[in-house]
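The structure appears right after this line, and notes come after that.
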2 protein chains.
Amino acid sequence: MDAVQDEAAGKRARGLDRAFEILDFLRQKRQALKPNEIAAQIGAPRSSVYELVNLLLQNGILEFTGGEGRVYLGRKLYFLGAAYENHFDFTRECEAALEQLADETRETAQFCMLDGNRYTVVRMREGARPFRISTDVGQSVPIPWTASGRLLVAHLSDQEILNFIPPQDFRLPNGEWLEPQTFIAEVRQAEREGLFTFNSIVDSFTHCFAVPVRGEEGHAAATLCLVTPRDDGIANRDRYLDCLKKAAAGLDHAPSRPKRT
Amino acid sequence: MDAVQDEAAGKRARGLDRAFEILDFLRQKRQALKPNEIAAQIGAPRSSVYELVNLLLQNGILEFTGGEGRVYLGRKLYFLGAAYENHFDFTRECEAALEQLADETRETAQFCMLDGNRYTVVRMREGARPFRISTDVGQSVPIPWTASGRLLVAHLSDQEILNFIPPQDFRLPNGEWLEPQTFIAEVRQAEREGLFTFNSIVDSFTHCFAVPVRGEEGHAAATLCLVTPRDDGIANRDRYLDCLKKAAAGLDHAPSRPKRT
DNA sequence: ATCACATGTACGATATATTGGACACAAATG
DNA sequence: CATTTGTGTCCAATATATCGTACATGTGAT
């Protein structure tokens with residue numbers, strides 16, 4: 001519904017929201033930070049951050065690490081994440097699919113999902129020529145920057161897409177502005193064709209292939225992608241797409257199916 | 001400090017604490033539940049639980065699954081847990097150690113840690129005779145019930161141990177009462193010897209071996225364990241302990257060492 | 001039909017969590 | 001030496017989150 005909640009000025013933030021904002025921020029930074037630094041960088045009152053950090057420390061959600069009072073994500077989060085992974089048991093099948101893709105194509109293969117209203121690489125298998133991939137596993141990236149993004153929002157209406165994606169995420173990394181209507185047209189095209197491919201707009205030398213992995217609700221719960229050198233990708237387009245579709249078929253309905261019961 | 005905080009009557013619970021209580025409860029249950037059921041089973045006001053569940057749903061911390069409005073741990077927790085695992089990169093080395101133990105002993109090997117003030121099996125490798133192990137991976141268990149428990153609290157003073165472990169956890173599964181002083185004596189013995197072994201008090205047919213894996217602070221951050229049939233365990237005691245110590249030495253200082261930086 | 005129960009929603013009262021600002025201290029900077 | 005910056009703690013004010021209660025619904029039992 002309200003994708004952006006922190007727009008009103010002079011309003012107090014809810015502790016829970018702030019807490020998860022802190023956790024997400026630490027995940028993005030991927031390093032331990034002092035409460036003071038966190039407060040400054042997320043633009044939250046220092047006293048609130050100190051209070052919340054202490055609460056989270058007591059719960060094992062955060063841990064002291066790196067010295068100097070720095071904190072990072074805690075063990076409890078690992079346990080909770082492991083329980084999620086155990087329930088929605090996509091990991092094993094996912095790894096097998098990536099393995100298969102890597103074997104057949106020798107290219108870099110990725111398993112991607114939405115993280116809130118952004119895109120993230122959940123698992124990756126490096127290809128035979130491991131060139132520098134621009135997005136690391138676990139980093140969240142604006143949806144419009146990625147081929148997978150076209151598939152992951154395809155179940156939403158045009159208006160829902162516009163509400164869902166933060167407006168500033170249509171600003172591409174090279175500074176250009178991607179017209180939302182252009183993006184939506186690509187989404188609809190991807191939806192019809194059941195795939196999306198393009199020359200990456202994050203770098204200037206890769207071609208990206210994405211196909212949907214469908215969940216219980218029938219829409220794309222995740223995607224499988226290949227990231228290839230541009231020449232290679234264009235030369236092997238049909239074969240690569242076949243490999244992707246085959247691998248995705250093996251995962252379909254898996255990501256949201258409980259392990260048992 | 002204050003291990004038990006929900007003792008005072010007529011006091012409001014803090015949303016954050018309640019929220020993580022809900023998450024932990026779902027993890028213990030390992031299944032999706034309706035908000036109503038959660039409220040009833042953790043003894044929290046229904047209106048509060050509905051409010052919190054909705055907040056957590058909006059944040060992706062919880063997800064609808066299983067129909068009928070049931071909720072379970074969400075994808076965001078998986079991402080946060082993965083970030084923790086990536087930072088404190090014990091997984092790879094841990095798996096190798098378990099593999100090695102399983103090869104050398106053919107017995108069930110476990111990697112265990114504290115989860116707050118209880119004990120949990122983080123990873124397990126089934127042995128050649130996979131009999132029914134009483135504790136599953138991810139379930140949390142009273143510290144006094146386990147061999148590892150003796151090692152995991154050994155860095156605390158006697159008084160700290162008593163404050164740390166919930167009093168009711170000294171009630172053993174067979175109904176007997178384990179005198180805290182007896183437990184503490186065993187803790188000190190384990191600390192001196194750098195190991196603890198006993199016939200399991202959870203079941204009646206296994207023998208347990210535990211050795212510490214030391215973290216940066218020098219005390220047991222985790223343990224490696226073997227769970228064996230009693231005869232086997234007693235017959236091979238010395239060899240098994242050697243295997244454990246060797247494997248633990250390979251992990252020492254690893255659990256809390258960042259991958260890089 | 002009547003009752004009991006499970007489930008979800010709505011709302012007001014009040015206990016309290018969030019917040020800005022003051023304070024203390026150390027370290028860096030001029 | 002004076003000043004600025006970074007860090008953490010403490011405190012009171014008030015906006016609001018929590019919680020009891022009431023209400024609405026569906027379902028199954030008696």
Side-chain angles (χ1 to χ4, degrees), chain A residues 1-2 4-26 29 31-72 74 261, chain B residues 1-2 4-26 29 31-72 74 261:
Chain A
M1 312 309 174
D2 51 352
V4 183
Q5 68 256 31
D6 54 352
E7 49 187 339
K11 284 191 74 82
R12 287 190 180 182
R14 200 178 269 246
L16 251 187
D17 292 329
R18 265 263 208 258
F20 287 113
E21 193 183 353
I22 291 172
L23 298 183
D24 252 342
F25 181 69
L26 288 173
K29 286 292 183 183
Q31 58 174 321
L33 292 171
K34 301 182 198 178
N36 218 20
E37 301 172 311
I38 298 174
Q41 298 188 49
I42 69 176
R46 292 192 313 134
S47 45
S48 304
V49 172
Y50 274 100
E51 170 93 8
L52 288 170
V53 164
N54 282 327
L55 280 176
L56 294 170
L57 283 168
Q58 283 177 25
N59 278 299
I61 306 295
L62 289 180
E63 285 175 11
F64 282 118
T65 179
E68 311 268 312
R70 271 180 276 259
V71 297
Y72 193 65
T261 295
Chain B
M1 315 311 167
D2 50 351
V4 184
Q5 68 256 34
D6 54 352
E7 50 188 339
K11 285 191 72 82
R12 287 190 180 182
R14 197 179 271 245
L16 250 186
D17 292 328
R18 204 69 107 183
F20 287 114
E21 194 182 353
I22 291 172
L23 298 183
D24 253 342
F25 181 69
L26 288 172
K29 286 291 183 182
Q31 59 174 323
L33 292 171
K34 301 181 197 180
N36 216 22
E37 300 173 310
I38 298 174
Q41 298 187 49
I42 70 176
R46 292 193 313 132
S47 45
S48 303
V49 172
Y50 274 100
E51 169 94 7
L52 288 170
V53 164
N54 282 327
L55 280 176
L56 295 169
L57 283 168
Q58 284 177 26
N59 278 297
I61 306 295
L62 290 180
E63 285 176 12
F64 281 118
T65 179
E68 311 267 313
R70 271 180 276 261
V71 297
Y72 192 64
T261 294

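Note on naming: letters A, B, ... go to the chains in the order of the sequence lines (proteins, then strands), and numbering restarts at 1 for each one.
With hydrogens and angles left out, the side chain of Arg12(A) and the base of dT14(D) share a donor-acceptor pair within 3.5 Å.
Here Arg14(B) reaches the OP1 or OP2 of dA17(C): one of its side-chain N or O atoms lies under 4.0 Å away.
At whole-Å resolution of the value, CD in Glu37(B) and C1' in dC5(C) are 13 Å apart. For the pair Leu55(A) CG and dT19(C) P, the computed distance is 13 Å after rounding to whole Å. Spacing between atom CG of Leu16(A) and atom P of dA17(C) amounts to 13 Å, rounded to whole angstrom units. The distance between atom CZ of Arg70(B) and atom P of dG8(C), rounded to the nearest whole Å, is 9 Å. Regarding Ile38(B), its CD1 atom lies at a distance of 15 Å from the C1' atom of dA6(C), rounded to whole Å. Regarding Arg18(A), its CZ atom lies at a distance of 13 Å from the C1' atom of dG20(C), rounded to whole Å. Atom NZ in Lys34(A) sits about 15 Å away from atom P in dA26(C), given to the nearest Å.
For Arg70(B), the side-chain hydrogen bond (donor to acceptor under 3.5 Å, both in side chains) test picks out no residue, with sequence neighbours left out. Judged as a salt bridge (Lys or Arg N to Asp or Glu O under 4.0 Å), and not counting sequence neighbours, the contacts of Glu51(B) are Arg14(A). Not counting sequence neighbours, Asn54(B) has no partner by the side-chain hydrogen bond (donor to acceptor under 3.5 Å, both in side chains) test. Residues passing the side-chain hydrogen bond (donor to acceptor under 3.5 Å, both in side chains) test with Gln41(B) are Lys29(B), sequence neighbours excluded.
Of the candidate nucleotides dT7(C), dC19(D), dT7(D), dT7(D) has the atom lying nearest to any side-chain atom of Asn36(A).
Against DNA chain D, the stretch residues 40-52 of chain A makes heavy-atom approaches under 4.0 Å through Arg46(A), Ser47(A), Tyr50(A).
Nearest-nucleotide positions on DNA chain D for Gly15(A) and Gly69(A) put Gly69(A) closer to the 5' end.
Taking all atoms of both residues into account, the shortest heavy-atom contact from Pro35(B) to Tyr50(B) is CB-CE2, 3.6 Å.
Leu16(A) places none of its side-chain heavy atoms less than 4.5 Å from the side chain of Ile61(B).
Screening residues 38-48 of chain A for salt bridge (charged side-chain N to carboxylate O under 4.0 Å, His left out) gives no qualifying pairs among residues at least two apart or on separate chains.
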